[in-house]
*Asks:* 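One structure, as C-alpha cells, below. Some questions next.
In what follows, every chain begins at residue 1, and chains take the letters A, B, ... in the order their sequences are listed.
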Amino acid sequence: MKRTKIKGILKSDATDYKVNVKGWVRSFRNNQFIALNDGSCMGNIQVVIELGADEALLKRITTGASISVDGTVIASLGKGQKVEVKADSVTILGDCDTEQYPLQLKNKPSLEYLREIAHLRFRTNTFGAIFRVRHSLAYAVHKFYNDRGFVYLHTPIVTASDAEGAGEMFRVSTLPFDNPPRNEDGTIDFKEDFFGRCTNLTVSGQLEAELGAMAFSEVYTFGPTFRAENSNTARHLAEFWMIEPEVAFNDIHDNMDLAEDFIRYLIAYVMEHNKEDLEFLAQRLADEEKQKPMNERSELGLVEKLEFVVNNKFERITYTEAIDILLNSAHYKKKKFQYDVSWGIDLQSEHERYLVEKHFKKPVIVTGYPKDIKAFYMRQNDDGKTVAAMDILAPGIGEIVGGSQRDERLDKLTQRMNEMHIPTDEMYWYLDTRRFGTVPHAGFGLGFERMVLFVTGMGNIRDVIPFPRTPKNAEF
RNA sequence: UCUUCCUUAGCUCAGUUGGUUAGAGCAUCUGACUGUUAAUCAGAGGGUCCCCCGUUCAAGUCGGGGAGGGAGAGCCA
C-alpha cells in the first residue's frame with residue numbers, strides 16, 4: 001500500500017479509510033499509543049495498537065525506532081487529537097536501542113547538546129520546525145525572483161579573484177602540503193597547482209553576478225560562500241549561504257525598494273505556509289524569554305514581530321543622519337556607548353542596536369556611508385565623501401543586508417581601485433563591463449542564515465544551518 | 001583574536017567554611033496498570049566530578065596550566 005504522509009492525514013477531517021504510514025516513534029505510551037512523526041509537519045499521528053498484541057513486537061516499538069503501519073484512520077476515541085490510526089499491522093523497519101539513543105521526548109536537551117548530535121537533531125520538534133522554515137525561505141527566494149523575471153545565475157564556488165575584499169579566504173589547492181613547488185624567491189609556485197594559479201573558495205558571487213546583469217538585466221545568485229575569519233559569534237559561520245540580486249538600470253533607491261520588498265515577501269511567505277512551525281517556535285522563544293530578567297525581554301512575540309515587519313515600512317536614513325541621532329541621544333550624552341561616535345566611524349554593533357532596537361524599533365536602512373569604510377565598487381556620491389551604499393539593520397541580528405549602487409563610470413572606478421591598491425589588470429573582466437556598454441546598476445547581499453535566524457527567533461546561527469562550519473568545528 | 005562565565009550520571013542541574021559511601025528530576029531497565037497525551041505507580045542499575053600538575057592528613061570544592069562550550073566584542077552577511 002502506498003504511503004500517506006502524516007501531514008495529509010492530520011490536515012483532513014476525513015475518517016474511515018485505509019492508510020499506510022511510516023515514520024519514527026516519538027513516544028509509546030501504555031503499550032498502546034504510538035506518537036509517530038515523519039517530518040512532513042510538526043504534529044504526530046497517534047497510532048493505536050490493539051491490546052494483546054505480540055509482546056516481542058511491542059518491545060521493539062521504542063522511541064526513535066522506524067515503523068510502517070497499515071491501518072484505518074478513525075475519529076479519535078481520546079481527547080487531544082481529532083483523528084488517529086487504528087493499526088491492523090505494525091512492521092519494524094529499524095530498531096532503536098533506547099539505552100543508546102540520545103533523544104528522548106521527555107528530556108529537554110539544550111541547544112548546545114543537540115549541536116553535538118546535529119546528525120540526529122532534525123528529529124526534534126524545534127529543529128524540525130527550523131529546517132522546514134529554512135526550506136520554505138529557500139523556496140520563497142527562488143519564487144520571488146522567478147516571478148519578477150530574474151535569471152538565477154550560478155556563480156563559481158572556486159575563484160581566482162582575490163580582490164573582493166570581503167574577508168579571509170580558504171585556499172583551494174592540490175599541491176602537497178609538506179613540499180610544495182616554489183619559485184626562486186621561495187614563494188609557492190601556483191603555476192604547478194591544479195588550476196595553474198592561486199585559487200580560493202568564493203567569498204561572494206557579486207562581481208560575477210554583475211557580469212550577468214549586464215546581459216540579462218536582472219539576475220540573482222543563491223549559493224554557499226566561505227569566509228576563513230576567526231569569528232566566534234552567534235552570527236557568523238565559515239560556510240554560509242547568500243542571496244545576491246544584481247539589477248541593471250537600478251539606482252540606490254530602486255535597490256532599497258527591492259531589498260525591502262524581498263524581505264517582506266520572504267516573511268509573508270513563511271507566515272502563510274509554515275504557520276504551525278512558527279507557532280511552535282514562537283512558544284519556544286516565549287518560554288526562553290521567561291528565563292530572562294524583565295528588562296531584557298523583548299516586547300513583541302515572534303509572530304507579532306514578523307507581522308510588524310511585514311506591515312510597516314522600514315525606516316530609511318542616511319549615515320550622516322544616523323550619526324546625528326546617536327550624537328543627540330541621551331545614551332551618548334550619558335557616555336553609555338563603549339565606542340565614541342563621530343562622522344567617519346564605522347557603526348559599531350552597539351550603535352546599530354541603539355538605532356534599531358531603541359530609537360526606531362523597526363528595521364532601518366542606512367545609506368550614504370563614508371567611502372573610506374566601504375568597498376571599491378560602490379558608486380561615489382557627488383559630495384566626494386560618501387558612496388551609494390546601503391545596509392539593512394534588523395532588530396536582534398544587526399546587519400542582514402549589505403548592498404550598493406555600483407560605480408558604472410570606468411574612470412571613477414579605476415581611480416578608486418588604484419587608491420585602494422586593487423590590481424586593475426587582474427580585474428580586466430570586471431572592468432570590461434564598464435568598457436562595453438556600461439549602465440547604472442545596483443545589488444545587495446542577504447545572508448540567508450541571518451534571515452532564518454530572524455524568522456525563527458533562534459539566537460545562534462549554528463542552529464539554523466544543518467551542519468554548521470565554524471572555527472575548530474567541521475563535524476559531520 | 002579579546003573579555004567574561006561555565007564543565008558533576010544518558011540529559012538538565014544541586015552539592016554548605018576542604019571532611020564518612022557524591023545527590024535530585026527526567027531518561028534507561030524490571031514489574032504493575034491500561035484511552036494514554038511530558039501517562040501513572042513501585043523497584044533497580046547507572047559517576048575518570050573535563051584533563052594534567054600542585055597545596056593539604058584529606059580536593060567535586062583551593063591554586064597553576066591545558067582542552068571544550070556559552071555569552072559579549074572585533075571582523076562581517
*Asks:* Assign A:K86 to base, sugar-phosphate, or nothing according to its heavy-atom contacts below 4.0 angstrom with the strands shown.
*Replies:* nothing
*Asks:* Any protein N or O atoms within reach of nucleotides 39-41 of chain B? Criterion: under 3.5 Å, listing atom names and distances.
*Replies:*
unit_1, atom_1, unit_2, atom_2, d
B:A39, OP2, A:R29, NH1, 2.4
B:A39, N7, A:N30, OD1, 2.8
B:A39, N6, A:N30, OD1, 3.2

*Asks:* Check this one for me: any side-chain N or O of A:R462 less than 4.0 Å away from OP1 or OP2 of B:G69?
*Replies:* no
*Asks:* For A:R121 and A:P466, indicate whether the former's side chain and the latter's backbone hold a donor-acceptor pair under 3.5 Å.
*Replies:* yes
*Asks:* Would A:R264 pass as a cation-pi partner of A:F144, given that its NZ or CZ must be under 6.0 Å from the six-membered ring centre and within 45 degrees of the axis?
*Replies:* no
*Asks:* Provide the Watson-Crick or G-U wobble partner of B:A24, both distances under 3.5 Å; none if there is no partner.
*Replies:* B:U12
*Asks:* May I ask you to say what A:P102 touches in the nucleic acid, namely base, sugar-phosphate or nothing, with a heavy-atom cut-off under 4.0 Å?
*Replies:* nothing
*Asks:* Does the base of B:C76 carry an N or O that pairs as donor and acceptor with the side chain of A:S231 under 3.5 Å?
*Replies:* no
*Asks:* Does A:Q46 have a side-chain nitrogen or oxygen under 4.0 Å from the phosphate oxygens OP1 or OP2 of B:U36?
*Replies:* no
*Asks:* Has A:S349 got a side-chain N or O lying under 4.0 Å from the OP1 or OP2 atom of B:G74?
*Replies:* yes
*Asks:* Has the side chain of A:Q100 got a donor or acceptor atom sitting under 3.5 Å from an opposite partner on the base of B:U28?
*Replies:* no
*Asks:* Parallel, tilted or perpendicular, judged at 30° and 60°: which one describes the rings of A:F122 and A:F467?
*Replies:* perpendicular
*Asks:* Once hydrogens and angles are ignored, does a donor-acceptor distance under 3.5 Å link the base of B:U28 to the side chain of A:Q104?
*Replies:* no
*Asks:* Does A:E84 contact B:G35 through a side-chain donor or acceptor facing the base, at a distance under 3.5 Å?
*Replies:* yes
*Asks:* Checking all strands, does A:E350 fall into the base, sugar-phosphate, or nothing category for heavy-atom contacts under 4.0 angstrom?
*Replies:* nothing
*Asks:* Does B:U1 have its OP1 or OP2 closer than 4.0 Å to a side-chain nitrogen or oxygen of A:N230?
*Replies:* yes
*Asks:* Taking only heavy atoms on the protein side, list every residue of residues 123-143 of chain A lying under 4.0 Å from any atom of RNA chain B, sorted numerically.
*Replies:* none
*Asks:* At 4.0 Å (heavy atoms only), tell me whether A:Y339 reaches a base, stays on the sugar-phosphate, or touches nothing.
*Replies:* sugar-phosphate
*Asks:* Out of B:G35, B:C11, B:U28, which has the shortest distance to the side chain of A:Y113?
*Replies:* B:C11
*Asks:* How close do A:V401 and A:M390 get, counting heavy atoms only, and between which atoms?
*Replies:* CG1-CE, 3.9 Å
*Asks:* Validate the cation-pi geometry between A:R148 and A:Y265: distance from NZ or CZ to the six-membered ring centre under 6.0 Å, angle to the ring axis within 45°.
*Replies:* yes
*Asks:* Provide the Watson-Crick or G-U wobble partner of B:G63, both distances under 3.5 Å; none if there is no partner.
*Replies:* B:C53
